[in-house]
Amino acid sequence: MRETLFKDNFWTTDLISTVGYDSIIQHLNDGRKNCKEFEDFLKERASIEERYGKDLINLSRKKPCGQTELNTLRRALEVFKQQVDSVGQSHIQLAQTLREEAKKMEDFREKQKFHRKKAKRIYEQRCRDKDEAEQAVHRSANLVTQKQQEKLFVKLAQTKTALEDSDRVYQMTIGALEKIREEWENEHVKACEFFESQESERINYFRNALWLHVNQLSQECVKNDDNYEEIRKSLEQCSIEKDIECFVNFRKTGAVPPAPVVYENYYNSQKNAVPGRNQPPVTGRRPQLPIPSSGPLDPEYSTVDGYSLLHHP
């Protein structure tokens with residue numbers, strides 16, 4: 001299949017028309033605008049990532065979360081807060097990376113803008129040269145007619161010579177115009193090739209920048225999942241038995257229960273009771289404590305994604 005090129009598709013039969021050139025320039029300006037929009041998108045995303053990262057860090061460092069827990073569950077909660085802090089740091093680093101990518105896009109736009117202005121100046125100068133040469137041709141043609149009329153009235157004998165001179169000047173001017181037209185055509189081809197090269201470079205750069213941006217976001221998700229995996233690992237090390245044992249050892253108050261409560265009759269205590277006639281002791285009992293249960297709307301945390309958190313003796 002024949003390759004489609006700028007230089008083959010932006011001509012016009014009108015010698016002084018710039019519609020092809022204008023169409024290319026409009027497209028390049030639109031492309032530059034699109035790059036600027038993506039650049040602004042990266043900057044805004046960077047600001048969001050930075051705010052989110054700072055909020056996560058403040059949350060992990062300032063908000064208490066199970067600070068009175070003991071032993072293995074306490075360690076798991078500490079890992080949880082550390083990893084939340086790490087996720088926040090990652091988002092701040094991502095924000096910096098996105099700002100750097102936005103700066104690269106800005107530098108790329110400015111580079112293309114500089115080269116395009118340089119090519120545009122050369123092209124427009126060739127257009128002005130062409131216009132001036134064409135005007136000179138028209139002036140020469142008018143001069144030929146005017147001289148011819150003047151010579152007819154003044155001196156008919158000199159008409160042929162004047163006409164030949166004017167015709168010679170006219171031919172020279174036409175030759176100069178054609179030379180300039182050829183130069184303009186060559187410059188138009190060069191401009192088309194240059195603009196097509198810039199457009200190819202811009203599309204390639206834009207595509208790669210977007211690809212890189214998506215990879216950065218994907219990598220951030222991988223990092224976050226690694227952080228969350230650390231939390232899951234620490235929770236796997238959480239032992240209900242060890243935590244209960246730790247609590248008992250840390251807070252225990254003694255292993256001997258209270259002595260039985262003995263009934264003492266006031267009147268009998270005032271006499272010398274006969275041995276063996278005292279009332280038997282009455283043992284006091286404490287009421288049984290109620291067993292806590294979940295309400296019908298309370299969440300059930302007995303299992304999480306296949307990890308059983310119930311203690312089975």
N/O donor-acceptor pair under 3.5 Å between [X] side chain and [Y] backbone:
X	Y	value
Lys81	Lys63	yes
Asp85	Arg61	no
Asn227	Lys223	yes
His188	Phe10	yes
Ser23	Gly20	no
Arg74	Glu69	yes
Ser17	Thr13	no
Ser60	Val84	no
Ser90	Ser86	yes

Distance (rounded to the nearest 0.5 Å) between [X] [atom1] and [Y] [atom2]:
X	Y	atom1	atom2	result
Arg109	Lys36	CZ	NZ	5.5 Å
Lys33	Leu28	NZ	CG	15.0 Å
Arg99	Gln96	CZ	CD	6.5 Å
Leu5	Cys192	CG	SG	9.5 Å
Phe194	Ile24	CZ	CD1	12.0 Å
Glu39	Asp107	CD	CG	8.5 Å

Is it true that, when you exclude [X] itself, more than 12 heavy atoms of the residues, nucleotides or ligands shown sit nearer than 6.0 Å to its [atom1]?
X	atom1	value
Lys54	NZ	no
Glu37	CD	yes
Phe6	CZ	yes
Phe41	CZ	no

**Item:** Asp243/Ile240 under side-chain contact (heavy atoms from CB on, under 4.5 Å): CA gap, chis, key distance, verdict
**Value:** CA-CA 5 Å; Asp243 285 8; Ile240 298 175; 6.0 Å; no

Is there a side-chain contact between [X] and [Y], using heavy atoms and a 4.5 Å cut-off?
X	Y	result
Cys35	Glu106	no
Val19	Asp14	no
Glu245	Glu241	no
Glu101	Leu212	yes

**Message:** Can you give me the closest heavy-atom contact between Cys65 and Leu77, atom names plus distance?
**Reply:** O-CD1, 3.9 Å

**Minimum-distance pair of heavy atoms, taken over all atoms of Ala46 and Ala95** = O-CB, 3.2 Å

Do [Y] and [X] meet the salt-bridge criterion of a basic N to acidic O distance under 4.0 Å?
X	Y	value
Arg232	Glu236	no
Glu178	Arg181	yes
Asp55	Arg51	no

Under 4.5 Å between side-chain heavy atoms, hopping through other hydrophobics if needed: is there a path connecting [X] to [Y]?
X	Y	answer
Phe108	Leu42	yes
Ile57	Tyr52	no
Val87	Ile92	no
Leu217	Ile48	no

**Request:** Apply side-chain contact (heavy atoms from CB on, under 4.5 Å) to the pair Ser234 and Phe80, showing each step before the final yes or no.
**Result:** CA-CA 8 Å; Ser234 67; Phe80 165 69; 6.0 Å; no

**Message:** Quick one, Gln26 with Asp30, criterion side chain to side chain donor-acceptor pair (under 3.5 Å). Give me CA distance, side-chain angles, the key distance, then yes/no.
**Reply:** CA-CA 6 Å; Gln26 180 62 48; Asp30 289 342; 3.1 Å; yes

**Prompt:** Using the ring of each side chain (for Trp, its six-membered ring), is Phe38 parallel, tilted or perpendicular to His213, with breaks at 30° and 60°?
**Reply:** perpendicular

**Request:** Take Phe247 and Asn71, measure what side-chain contact (heavy atoms from CB on, under 4.5 Å) needs, and give me the verdict at the end.
**Result:** CA-CA 8 Å; Phe247 168 73; Asn71 207 27; over 6 Å; no

**Prompt:** Yes or no on side-chain contact (heavy atoms from CB on, under 4.5 Å) for Leu94 and Glu49, after CA distance, side-chain angles and deciding distance?
**Reply:** CA-CA 7 Å; Leu94 177 60; Glu49 293 290 343; 3.7 Å; yes

What pairs of donor and acceptor atoms, side-chain ones from residues 199-211 against any protein atom, are under 3.5 angstrom apart with sequence neighbours left out?
{"residue": "Glu199", "atom": "OE1", "partner": "Arg202", "partner atom": "NE", "Å": "3.1"}
{"residue": "Glu199", "atom": "OE2", "partner": "His27", "partner atom": "NE2", "Å": "2.8"}
{"residue": "Glu199", "atom": "OE2", "partner": "Arg202", "partner atom": "NH2", "Å": "3.0"}
{"residue": "Ser200", "atom": "OG", "partner": "Glu196", "partner atom": "O", "Å": "3.0"}
{"residue": "Glu201", "atom": "OE2", "partner": "Lys111", "partner atom": "NZ", "Å": "2.9"}
{"residue": "Arg202", "atom": "NH1", "partner": "Gly31", "partner atom": "O", "Å": "3.3"}
{"residue": "Asn204", "atom": "OD1", "partner": "Arg207", "partner atom": "NH2", "Å": "2.9"}
{"residue": "Tyr205", "atom": "OH", "partner": "Lys104", "partner atom": "O", "Å": "3.3"}
{"residue": "Asn208", "atom": "ND2", "partner": "Asn204", "partner atom": "O", "Å": "3.3"}

**Prompt:** So which pairs with a foot in residues 15-28 pass salt bridge (charged side-chain N to carboxylate O under 4.0 Å, His left out), sequence neighbours left out?
**Reply:** none

**Side chains of Glu182 and Asn186, donor plus acceptor under 3.5 Å** = no

